[in-house]
Amino acid sequence: MIKIQQKNFDVKAELEALKGNNHSIGGICSFIGLVREMAENKKLSAMTLEQYPGMTEKVIKKIENEALQRWSLHSTLIIHRFGRLKPGEQIVLVAAASAHREVTFEACHFLIDFLKTRAPFWKLEETQDGNSWVAARDSDETAVANWKHPKQV
Amino acid sequence: MIKIQQKNFDVKAELEALKGNNHSIGGICSFIGLVREMAENKKLSAMTLEQYPGMTEKVIKKIENEALQRWSLHSTLIIHRFGRLKPGEQIVLVAAASAHREVTFEACHFLIDFLKTRAPFWKLEETQDGNSWVAARDSDETAVANWKHPKQV
Amino acid sequence: MKIVYFAWVREKTGISEEVLEKLPDNVKTVADLIEWQKLRGSGFTDAFSDPKIIRVAINQEYSSQDHPIEANDEIAFFPPVTGGR
Amino acid sequence: MKIVYFAWVREKTGISEEVLEKLPDNVKTVADLIEWQKLRGSGFTDAFSDPKIIRVAINQEYSSQDHPIEANDEIAFFPPVTGGR
């Protein structure tokens, strides 16, 4: 399940929908990303997420399909917001449900790492010094590269 | 935060309480454990979790303290239910909040692995063949042993 | 000495907790206590027949079976734990 | 050809999307298109001055800059992405 939306999401309702009536699910691992108040040494008043409508869904669908092929999962969920968000607000929710806990951690971690480096979103930070676009970090590319070598579980 | 309780929990409310008003949190990783309908090849009608009141809290407090020492976390949450639960019901919620996403995954995974092998809970499964106590699995001990060697993040 | 039993150890002994006022002088460790338990009747004999599969806590801390025990201790006997998920 | 711009590439060019009816015949690849963009005026010159920091998608798929382009393509120019958290 993929949702690209401006509005906020309700973690409980979303995870219950992910679970549905499937009683073979033993665990759900999820990650919630939040807007941090401090960006390096500057205090953020807000952050605006710009996206590439259409391509966003396509890219995330591919990431989800790769996770579903790679692990034995019942279902996955990716919700990514766009628009102007304040510190403390929810940006993203990623979740993976499976019979076994190990794979839920692996898959959820994989989804957020790839979302970070592949999904066409750009962040504009507003601080007292003005607005600036967030630069990509090398550590995020490294995180993705690590998934190419199968990890020990 | 540690809660050992018979009643169900609301994931949204619990994670919001974990986050509080702390705008330096960048992410929350959580794991929800659920009662599975199938136990090996038998269909479960219910599961009863027995605990050692008092020791449960002590053991979990130690696990939580170790996680807080090991990683740079803002807060952690462990909720473990006891009593009779039906398939699909929530058993456990574990969560870790931090400025950075990598450590939330590591810490949350650590907490559930240790909870599984250290917290004094015992599961009685009810199936059409009668009741039986769940045996400990070697794979759970292996998961805990792996944490003794620092993992690559 | 307070003794508590959990899961199938509790079911087999038929007791969840008890207070023992006086133990024989030769019961100095957890292992000695287990040997003594075996002599208490069929349920106990069954529960403690294989000490290797019994786990022990003294005053709510996990303990090995060679640990000495004292009059005011709370001793717990139970199977390997299966919490979490 | 539809061209779309995002983030600071959009801000510098001052355009979010445009349709180009006719390009010079020697514009055959993404790299050629970038060179041509540099000639369109100050905002474009600035935006495309360092092609190494520009990312490209053709028809909503990531593409390298040596990829050929066609009249009906949707070409997107943007900085490295920073989604997730």
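Below, read A as the first sequence line, B as the second, and so on, with proteins coming before strands; counting in each chain starts at 1.
- With a 4.5 angstrom heavy-atom cutoff, A:Ala13 does not touch chain B via any of its atoms.
- Ion pairing between B:Glu14 and B:Lys3 holds under the 4.0 Å rule for side-chain N and carboxylate O.
- Salt bridge status for B:Arg84 with B:Glu126: present, with a side-chain N to carboxylate O gap under 4.0 Å.
- Contact of A:Ser30 with chain B is made through backbone and side chain together, with heavy-atom distances under 4.5 Å.
- Residue A:Asp113 touches chain B through both its backbone and its side chain, counting heavy-atom pairs closer than 4.5 Å.
- Per-residue heavy-atom pair counts under 4.5 Å with chain B were compared for A:His23, A:Lys86, A:Glu89, and the maximum is reached by A:His23.
- Between A:Lys123 and A:Glu50 there is no salt bridge, since none of the side-chain N atoms of the basic residue sits less than 4.0 Å from a carboxylate O of the acidic one.
- Counting heavy atoms from C-beta on, the side chains of A:Ile91 and A:Leu34 never come closer than 4.5 Å.
- Using a 4.5 Å cut-off between heavy atoms, A:Leu44 does not touch chain B at all.
- A donor-acceptor contact under 3.5 angstrom links the side chains of B:Asn8 and B:Gln90, judged on distance only.
- Using a 4.5 Å cut-off between heavy atoms, B:Lys19 contacts chain A through its side chain alone, with no backbone atom that close.
- Heavy-atom pairs under 4.5 Å with chain A were tallied for B:Ala95, B:Cys29, B:Ala143; the largest tally goes to B:Cys29.
- Taking 4.0 Å as the cut-off between side-chain N and carboxylate O, B:Glu64 and B:Lys61 count as a salt-bridged pair.
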